[in-house]
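Input: a single structure, listed below in structure tokens.
Labels below follow one simple rule: chain letters A, B, ... track the order of the sequence lines, proteins then strands, and each chain is numbered from 1. Hydrogens, waters and symmetry mates are skipped; everything else that's a heavy atom, side chains included, is used.
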Amino acid sequence: MSQLHLISILTALPAFGALVVAGFDAPSKRLARGVGLAFSLVSLALALALWARFNPEVTELQFVERHRWIPSLGVDYFVGVDGLGLLMVLLTGLLVPFSLLASWKIEEKPQLYFALVLLLESGLFGTFTALNFFHWFIFWELSLIPVFFLIKLWGGRERSQAATQFFIYTLVGSVAMLLAFQAIFLATGTFNFPELTQMAHDRRLANGLLKIGWLDMPPRLIALLVFGGVFLGFAVKVPLIPFHTWLPVAYAEAPTGVSMLLTGAMSKMGVYGFLRVLLPIFPEQTRAMLTPLMAMAVVTIVYSAWAAMAQKDLKRTIAYSSINHLGYCLLGLFAAMKTMGSDAVWLNEKAAALNGVLLQMFNHGLSASALFCCVGLLAERSGGRRGLDDFGGLRKVMPVFCGLMGIALFSSLGLPGLNGFIGEFLIFKGAFALSPLATAVATLGLLLTAIFLLNILQKVFSGPLNERWSQMPDLSANERAMLMPVVALMLAIGLYPQLLLGVINPTVVGWIKQIFNYV
Amino acid sequence: MHPILILFLWLILFLPLAAAVGITLFALRSPARSAQLSIGAIGAAFGLSLALFWHFSSHPEPPEWYINWLSVADLKIDLGFRLDPLSLLMLLIVTGVGGAIHIYSWGYLRGDRSVPRFFACLSFFTFSMLGIVLANNFVQMFIFWELVGLSSYLLIGFWHERPAAADAAKKAFLVNRLGDFGFLIGILILWNVLGSVHFQTLQGKLADNPHALWSLTTVAGLLIFCGAMGKSAQFPLHVWLPDAMEGPTPVSALIHAATMVAAGVYMLCRVFFLFQAAPQWPDDIAWLQVSALDVIAWIGGITALLSALMAVQQNDIKRILAYSTLSQLGYMVMAVGVNGPGQGMYHLTTHAFFKALLFLGAGSVILALHHEQDIWKMGGLAKKMPLTYWTFLIGTLALCGVPPFSGFYSKDAILAAAFEHGQFVLFGLGVGVAMLTALYMFRLVWVAFGGSARSAAVNHAQESPRIITLPLIALAIPSALAGFFGIDHYLAGYFSHGRSAEAASWLHRLVAPFAQAPLPAWAGLVAVGVGFVAAWQLYREAKTDPLPRLLGGFAQAMRERFYFDELYAKIIAYTQDALATVVDGLDRWILAGTLVRGVHGTVELAGRLLRLLQTGNLQTYALVVATGVLLLLYCLIVR
């Protein structure tokens with residue numbers, strides 16, 4: 001227990017920064033950008049401090065702060081992190097400065113833009129640390145609002161439609177989830193995740209739901225409905241196919257920096273929800289629905305890879321590839337829920353799958369946002385063009401850019417030695433033992449991903465130079481300084497994955513022991 | 001293991017990586033510096049490998065050393081070094097042949113702007129290849145396996161402005177990925193069923209209980225073999241290798257002839273214990289009774305034959321050699337399949353020498369002719385480039401299997417293994433391939449080096465500088481003499497079921513094949529004679545290729561590589577387009593269009609209908625309210 005209130009400070013700081021930055025008057029753009037970046041960097045430093053003070057030996061939640069808020073409704077101010085929360089906080093902390101740097105050249109009301117991004121950061125920090133549903137839900141929704149305005153005001157041609165579609169989709173999911181939690185509260189009288197997990201574990205939750213007796217429905221159906229509501233909220237956010245149609249449009253129309261955060265951090269909210277809420281609180285329902293869920297994950301993986309192959313717009317390609325990569329997370333996650341014997345072997349397989357899922361969340365955040373950033377840099381130089389066939393031979397004029405984007409592409413492709421490989425490999429290792437057929441089909445996604453990523457490399461960078469771009473400048477020193485740390489991190493994790501695994505493994509093993517009653 | 005030895009191993013593995021990183025960071029603008037770094041690294045690795053080899057020839061212990069790289073729950077993945085005769089031999093090949101090619105590259109690419117990038121990639125390749133060689137577990141092997149694929153991708157596409165090179169690079173990577181897809185699943189199966197990826201542990205488990213893999217024995221074996229099929233370009237995944245010749249010639253020599261493509265064979269030898277377990281099929285398909293080894297042998301045999309036929313009608317000097325490489329790889333794989341991994345490794349070794357030599361010789365010719373690769377535009381080069389000619393001839397004789405050159409002994413070993421194993425069809429096939437080999441190689445020699453000049457370029461051709469001819473000589477020596485080094489005995493000791501393990505004098509080795517298994521030896525020799533005579537008859541004086549006249553459509557099919565590329569391209573294009581269109585259409589029209597807009601439309605329609613009620617007329621509202629109250633009262637009172 002820390003008396004420092006690190007998490008509260010971390011969550012409040014960007015919101016405070018947003019207020020400060022929004023307060024700058026129109027002429028002081030440079031200052032506003034600098035101050036905005038400074039706030040995000042201080043948040044990163046705090047996230048790193050959290051990382052440094054985190055004790056990886058312990059499986060319990062750390063840095064817990066808990067105060068009564070609205071006692072009559074069971075609402076607490078309740079925050080804390082375990083390995084998962086910490087990892088996501090760190091990812092958010094890393095990505096926001098990266099995204100702000102990539103948005104540096106925004107000239108239209110940068111004060112507001114930077115303020116909204118900082119507000120989003122607060123929302124994300126809150127979502128990844130809150131442990132009471134009510135408290136958590138506020139941040140979950142809070143993160144939605146800045147994104148809506150960011151897309152609507154700074155987006156591409158169809159920004160208005162994209163923003164509306166994004167907002168309505170996620171809102172429908174959220175409403176479903178809210179209703180489901182109303183039912184849960186009626187049944188149990190608490191909103192706190194750890195307590196709900198415990199209640200689910202000793203079946204008090206199921207018995208509580210029995211008592212609701214709504215419309216004479218059979219209790220199993222009520223439980224399933226509640227599960228369905230929560231599931232919908234997360235499935236839209238990840239997204240799972242067929243709840244994904246908002247995504248390509250939103251990602252493609254959003255400004256570069258926002259696409260980076262959407263794919264890098266916000267898509268993790270969905271997977272995070274699955275891990276923090278759905279699996280611990282609804283293990284039985286998940287298991288009952290495992291076959292369709294598994295099928296959905298496999299379809300998500302293969303279908304999105306194919307869809308990515310059909311795209312001509314680089315941003316849309318990467319958007320679909322993003323769905324594909326998160327599909328692996330869900331594959332690992334659902335596979336880990338499968339009932340198996342109580343041998344230690346299965347504990348290992350489940351631990352491999354879930355460690356892989358966590359790692360993949362982090363890795364995807366890095367690679368996908370780096371790729372969006374690269375496409376943004378390209379579009380910036382080509383007057384907004386970002387078609388697969390608009391370029392050609394750029395390697396000749398932009399060797400450094402080609403090298404860095406190449407590394408990001410290969411990381412996304414899952415090349416060993418870079419970060420993407422380890423997560424996918426662990427997921428496959430675990431999931432294959434637990435659910436061989438689904439996993440075997442899903443490996444098809446690896447092959448398809450390689451096809452379209454190599455296609456990008458070939459069409460954009462190789463071949464004779466497209467004369468139109470013969471004057472295209474290579475990366476400036478600033479742009480290099482922006483991309484290099486991310487690429488270095490990809491290499492570092494790829495070469496020494498224990499860096500992250502050491503922190504998340506105890507958490508993961510703790511969950512599995514709790515959910516599956518391992519001794 | 002002694003700490004010094006461990007240090008040696010670390011240096012062997014990581015010096016090339018250090019060179020690659022160093023070049024990328026500090027020497028990208030300095031060709032000379034980059035070449036020094038790269039050549040220095042591989043030279044040092046060669047020296048250290050020799051030291052290790054010398055040490056272990058007198059201290060036969062089975063050393064293994066590892067550190068933990070990754071651990072989740074109780075699963076652990078190690079970075080380990082396994083040293084045994086197999087990996088020691090391969091270390092020497094990779095660093096030795098590789099070293100000669102590194103030096104040659106410096107001469108070959110002199111003046112190219114991108115020399116530093118080339119050497120960085122070459123050193124990176126050496127690092128990844130050594131990683132495969134030293135790996136003590138499947139996961140480590142798979143990791144380096146992919147890295148080797150990456151370096152091959154980068155080097156094939158070295159001249160990235162050429163669309164053909166970019167295409168070939170992508171094709172190589174993807175075809176390999178297809179094979180690796182099977183490899184990965186195979187590894188996962190083994191890991192799940194046997195609970196380990198560590199070679200020695202696996203071997204121990206299978207030795208204790210040969211049925212530990214039950215019915216998955218064959219399946220797992222074949223899936224693992226998929227990886228080898230990709231990397232060693234076996235039919236039907238052979239299509240990438242000929243295209244890979246778009247890379248610079250030293251790359252073709254090192255990666256696509258001597259070392260990387262041999263990695264598949266090396267891997268099969270490394271995990272040969274997997275294939276020794278008797279196949280166990282479930283009862284309902286017990287009649288199948290195919291063992292993984294049979295499939296491997298036949299895939300190897302078919303590859304050897306098909307690609308030898310294709311080689312006969314190629315006109316590009318590098319492509320002839322590429323198909324020949326395919327064909328020889330087929331031999332090696334066939335050797336593994338007929339229970340002769342030692343023979344396969346033996347041929348791998350000699351092939352590394354003579355095929356690297358042939359490619360480097362071809363490179364010397366290509367350089368002298370300013371990048372002319374069509375053999376029908378050469379001719380008379382023997383007089384212009386005597387050193388290149390004589391070394392090329394030595395390589396040719398070794399490849400064809402003329403005693404006493406090295407290729408004879410290793411190829412004969414394979415034929416004898418097939419014969420002993422009772423695979424007479426495959427044996428016959430191997431003999432036929434030997435004949436075809438002599439035919440296409442002497443065709444190449446006579447057309448390119450014999451006769452008189454067929455183009456102006458030849459008249460200006462000059463012998464290449466010493467930096468190019470010295471590696472040729474260095475490789476010509478083992479190409480000629482490797483049959484007397486006793487490599488077969490060295491390997492037979494390792495696999496412990498060789499023909500004889502006693503040491504013998506070189507004179508004894510000279511005639512050993514005829515003494516031990518006369519029929520295969522003579523059959524091979526006669527086949528070479530037949531091929532030679534056919535080539536003599538057809539190409540000695542030929543101005544154009546006479547075969548199309550004699551064979552008609554079949555020659556055409558040989559030239560067009562039996563239309564495999566076209567077939568694959570069609571299949572891929574069709575499925576990919578169809579599926580991509582379906583998926584995209586589904587997304588755009590059904591999901592986003594009908595469903596989402598449908599919902600949207602319904603909501604909007606409901607909104608419009610409801611709006612009709614909002615008339616703004618006070619009387620209407622009052623009426624509605626009153627009706628409502630009455631209805632409620634009715635319900636409450638009457639019920």
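- The line from CZ of R395(A) to CD of E161(B) is 8.5 Å long, rounded to the nearest 0.5 Å.
- Shown here is L437(A), whose CG atom has no more than 12 heavy atoms of other residues, nucleotides or ligands within 6.0 Å.
- In this structure, the portions of D167(B) lying under 4.5 Å from any heavy atom of chain A include both its backbone and its side chain.
- A perpendicular orientation is assigned to the rings of F410(A) and Y153(B), their planes being inclined by more than 60° (bins at 30° and 60°).
- Contact count versus chain B (heavy atoms, under 4.5 Å) is highest, among I504(A), L495(A), I168(A), V508(A), for L495(A).
- Note: A166(B) leads S114(B), A164(B), A165(B), A166(B) in heavy-atom pairs under 4.5 Å with chain A.
- Here W69(B) contributes atom CH2 and I422(A) contributes atom CD1; the two are 3.5 Å apart, rounded to the nearest 0.5 Å.
- The structure places NZ of K170(B) at 10.0 Å from OG of S462(A), a figure rounded to the nearest 0.5 Å.
- Side chains of K429(A) and L75(B) form a contact here, defined as non-hydrogen atoms less than 4.5 Å apart.
- Residue-environment remark: CZ (F14(B)) exceeds the threshold of 12 foreign heavy atoms within 6.0 Å.
- In terms of heavy-atom pairs under 4.5 angstrom with chain B, the leader among L426(A), N455(A), V249(A), T439(A) is N455(A).
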Quick one, L147(B) with L415(A), criterion side chain to side chain contact (heavy atoms under 4.5 Å, CB included). Give me CA distance, side-chain angles, the key distance, then yes/no. CA-CA 8 Å; L147(B) 291 183; L415(A) 187 85; 4.1 Å; yes

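- Of the residues considered (L184(B), L150(B), I77(B)), L150(B) shows the highest number of contacts with chain A, using heavy-atom pairs under 4.5 Å.
- Taking CG of N192(B) as the reference point, atom CG of N348(A) lies at 11.0 Å (rounded to 0.5 Å).
- Contacts of L465(A) with chain B are absent, with no heavy-atom separation under 4.5 Å from either backbone or side chain.
- Interface summary for chain B: among F428(A), Y320(A), F432(A), the most heavy-atom pairs under 4.5 angstrom belong to F432(A).
- Scanning both residues, F421(A) and I143(B), for their nearest heavy atoms gives CE2-CG1, 3.7 Å.
- Most heavy-atom pairs under 4.5 Å with chain B, from the set G393(A), G406(A), P497(A), A351(A): that is P497(A).
- The distance from the CZ atom of R177(B) to the CG atom of L448(A) is 10.5 Å, given to the nearest 0.5 Å.
- Q498(A) places a side-chain N or O within 3.5 Å of a backbone atom of S71(B) that can act as its donor or acceptor partner.
- In this structure, OG1 in T443(A) is found 4.0 Å from CD1 in I185(B), a value given to the nearest 0.5 Å.
- By the 4.5 Å heavy-atom criterion applied to side chains, F425(A) and L70(B) are not counted as neighbours.
- Using a 4.5 Å cut-off between heavy atoms, L359(A) does not touch chain B at all.
- Taking a 6.0 Å sphere around NZ of K171(B), one finds it holds more than 12 heavy atoms contributed by other residues, nucleotides or ligands.
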